[in-house]
Each structure stands twice: as structure tokens, then as C-alpha cells.
Amino acid sequence: MKNRKSKIESTKTPWPTKAAMEQVYRMKLWGGANFDFYSGIGSHDPKLVHPYIAVLLKFLTSFENPLVLCDLGCGDFNVGKELVEYSKKYIGVDIVYDLIQRNKEKFQGENLEFHCLDITSADLPSGDCAILRQVLQHLSNTEVKQVLPKLSSFKYVILTEHLPEGDFVPNEEIISGQGIRLKKQSGLNLLVAPFYFKVKEEKQLLSIIPEDGKGVIVTTLYKIF
């Protein structure tokens, strides 16, 4: 594992993507009228969450020595909280300051910490495995390119993306924010242009069609080195 210094944001810096995500939670654009913070049905629908947790636990418990996990875009932590006990250390990262402060108060553990970071511009905490669950799909191609070199310091990356079913043109450009490429009949494929993310192995862990029938939510494990 490479050692790298984490840059911890402790103030409400006005980043463009940060402002967009703050608006998502403030205006409840992903639903959850009765929640203080709500990261959408992808974090709360049992038909999506339970299979995801199951495949991650199978992966995590396959190691004799627990891994250090970096959850990049941890959101309201409804999913991450189920994985903490299976990690050596669990680091939850999100760009929304008030959300991270809420998570710090609500979820506590000796092996759990939260950082408010913009993963496109800040150094990431060190760890064995990075988890990005439906996070990069909200970023522009430029911002995705800023994240990818940092992921190369992890041994494993577990990526979940909402993709069109069947063949599609990957990596259409979008503006960072609430929306995703699915509206353009596109989705992220990190291994092709313009990203060319280098991995040692690729394995699909899970594929689920949501109840609305729009696209497919795919979770992929990448072994980096």
C-alpha cells in the first residue's frame, strides 16, 4: 500500500461540483422527503442494496487480513454502515460538508472515520480498496480523468455504474451534477477512450435491472496491481 497524505477539508469551500451536490441534498432531488439526507433509491431500495452488500461481503471476507476501505462518495452511509465491521479501517469520503458532519455524529466506531473531500482535486486517504458506488456517473469526463490516477494507488477498485442495457456508446460528456449519462443512452467504461484506465484484472460482481426497467446497475471489481 502506498502512503499518501490526506488533504482533509474542514470548511465549506465553494467548489462547482460541491455546490451541485449540496443542492441535490438540500432540495431533495433524489427523493427522501422524510430524511435529513437521502442518497437516492440506489442506497435504500432493498432489491438493489441487499445483493450489493452480499457480493461485497463475499469479497471482503475472502481475505485473511481485513482490508482498509475507502468509500469515495459515501453519501448518507446507509450502505457503508453494513460493511464497516468487515474492514480493518473504513474511510467514508464525500464532497458535502454538512453530510459528512451528520455522518460523524450518527455513525461512530474505532475503525471508522469520515473526510469531506473533493475526490477530483484532493489527495485521497490511503487504503487497500476504493469503493465508488454510482459516483463517477455524476462527473464530467474531465473530472473522471482527475480521479483515475489516484485510484491506481489502491490494490482493488469496486465500481458501480448505471449503464444502458445492450450496446451503447460509452463516455458521452455530461455536466457534473444530479444527472447521469443514461439520459444520453451512454455510461462510463473506464477501460476505453478517453480514459484508458489500466487494470490487471476485471471481474463483474453484480448486475441488477432496477424496477423502473431503465438500464442496468453493474458492479465491477478491478485488481490494479
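The figures that follow rest on heavy atoms only: side chains count, while hydrogens, waters and symmetry mates do not.
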- Message: Quick check for you: to the nearest 0.5 Å, what is the distance between Asp128 atom CG and Ile224 atom CD1?
- Response: 12.5 Å

- Message: Under 4.5 Å side-chain heavy-atom separation, chaining through any Ile, Leu, Val, Met, Phe, Trp or Tyr, what else clusters with Val218? Say none if it is isolated.
- Response: Leu163, Phe168, Ile209, Val216

- Item | Main-chain N/O of His162 paired to Gln137 side chain as donor or acceptor, under 3.5 Å | yes

- Query: At their closest point, which heavy atom of Pro125 faces which heavy atom of Leu117, and how far apart are they?
  - Reply: CD-CD1, 3.8 Å

- Treating Ile, Leu, Val, Met, Phe, Trp and Tyr as nodes and any side-chain heavy-atom pair under 4.5 angstrom as an edge, say whether Leu191 and Val135 lie in one connected cluster. yes

- Rounded to the nearest 0.5 Å, what's the gap from CD on Glu22 to CG on Asp98? Could you check? 7.0 Å

- Worked check of side-chain contact (heavy atoms from CB on, under 4.5 Å) between Asn78 and Phe35: CA-CA 12 Å; Asn78 190 57; Phe35 291 77; over 6 Å; no

- Checking side-chain contact (heavy atoms from CB on, under 4.5 Å) for the pair Asn111/Ser87: CA distance, chi angles, key distance, verdict? CA-CA 8 Å; Asn111 67 329; Ser87 65; 3.5 Å; yes

- Query: Are more than 12 heavy atoms from other residues, nucleotides or ligands located less than 6.0 Å from atom CD of Glu110?
  - Reply: no

- Identify the two heavy atoms, one from Pro210 and one from Gly215, that lie closest to each other, and give their separation to 0.1 Å. CD-O, 3.4 Å

- Where do Lys18 and Cys116 land on the side-chain contact (heavy atoms from CB on, under 4.5 Å) test, with the steps shown first? CA-CA 10 Å; Lys18 181 181 178 73; Cys116 182; 3.7 Å; yes

- Query: What distance separates Ile175 CD1 from Thr17 OG1, expressed to the nearest 0.5 Å?
  - Reply: 11.0 Å

- Message: Using only atom types and a distance under 3.5 Å, with no angle test, would you say the side chain of Glu82 pairs donor to acceptor with the backbone of Ile53?
- Response: no

- Query: Checking Arg181 side chain against Asn171 main chain: does a donor-acceptor pair fall under 3.5 Å?
  - Reply: no

- Note on the structure: Here the pair of heavy atoms bringing Pro46 nearest to Pro51 is O-CD, 3.5 Å

- Answer yes or no: is there a side-chain heavy-atom contact under 4.5 Å between Leu112 and Phe77? yes

- Report the relative orientation of the aromatic rings in Tyr38 and His44; use parallel for angles under 30°, tilted for 30 to 60°, perpendicular for over 60°. parallel

- Message: Assigning hydrophobic clusters by single linkage (Ile, Leu, Val, Met, Phe, Trp, Tyr; side-chain heavy-atom cutoff under 4.5 Å), is Val147 placed with Ile180?
- Response: no

- Locate the shortest heavy-atom distance separating Glu211 from Lys47; write the atom from each residue and the value. OE2-NZ, 2.5 Å

- Query: Do Ser140 side-chain atoms and Ser176 backbone N/O form a donor-acceptor pair below 3.5 Å?
  - Reply: no

- Establish whether Ile208 and Ile41 are linked, either directly or via other cluster members, by ILVMFWY side-chain heavy-atom contacts under 4.5 Å. no

- Does the pair Phe107 and Tyr90 meet the rule for a ring pair (Phe, Tyr, Trp, His ring centres under 6.0 Å), with working shown? CA-CA 11 Å; Phe107 305 102; Tyr90 199 105; over 10 Å; no

- Kindly say whether Gly179 contributes a backbone atom to a donor-acceptor pair with the side chain of His138 at under 3.5 angstrom? yes

- Task: Given side-chain contact (heavy atoms from CB on, under 4.5 Å), test Phe59 with Cys129 step by step and report yes or no.
- Result: CA-CA 11 Å; Phe59 169 73; Cys129 179; 4.1 Å; yes

- Can you see which heavy atom on Arg133 is nearest to which on Gly42, and at what distance? NH1-O, 3.1 Å

- Item | Min side-chain heavy-atom separation Val144-Leu188 under 4.5 Å | yes

- Do the side chains of Leu124 and Cys70 get nearer than 4.5 Å, heavy atoms only? no

- Can you find a heavy atom in the side chain of Leu83 that is under 4.5 Å from one in the side chain of Asp71? no

- Task: Please examine the side chains of Tyr25 and Ser39, heavy atoms only from C-beta on, and report whether any two atoms are closer than 4.5 Å.
- Result: yes

- Are Phe195 and Leu182 grouped together when hydrophobic residues (ILVMFWY) are joined by side-chain heavy atoms under 4.5 angstrom apart? no

- When rounded to the nearest 0.5 angstrom, what distance separates CG in Asp212 from CG in Asp45? 10.0 Å

- Hydrophobic cluster identity match, Tyr196 and Leu148, side-chain contacts under 4.5 Å: no

- Query: Quick one: does Lys81's side chain have a donor or acceptor within less than 3.5 Å of a partner on Asp76's backbone?
  - Reply: no

- Query: Between Val157 and Val199, is any pair of side-chain heavy atoms under 4.5 Å apart?
  - Reply: no

- Item | Tyr156/Phe63 aromatic ring centres below 6.0 Å | yes

- Task: Calculate, to the nearest 0.5 Å, the distance between atoms CD1 and CG belonging to Ile131 and Leu159 respectively.
- Result: 11.5 Å

- Message: Can you give me the closest heavy-atom contact between Lys104 and Phe114, atom names plus distance?
- Response: CE-O, 3.3 Å

- Query: Hey, what do you get for CG (Leu69) to CD1 (Ile158), rounding to the nearest 0.5 Å?
  - Reply: 7.5 Å

- Query: What class does the angle between the rings of Phe197 and Tyr222 fall in, given that below 30° is parallel, 30 to 60° is tilted and above 60° is perpendicular?
  - Reply: perpendicular

- Message: Counting only heavy atoms not in Lys203 (residues, nucleotides, ligands), do more than 12 fall under 6.0 Å from its NZ?
- Response: no

- Heavy-atom side-chain proximity of Pro194 to Lys145 below 4.5 angstrom: yes

- Message: Just so I know, are the side chains of Ile95 and Ile119 near enough to count as touching, which here means a heavy-atom distance under 4.5 Å?
- Response: no

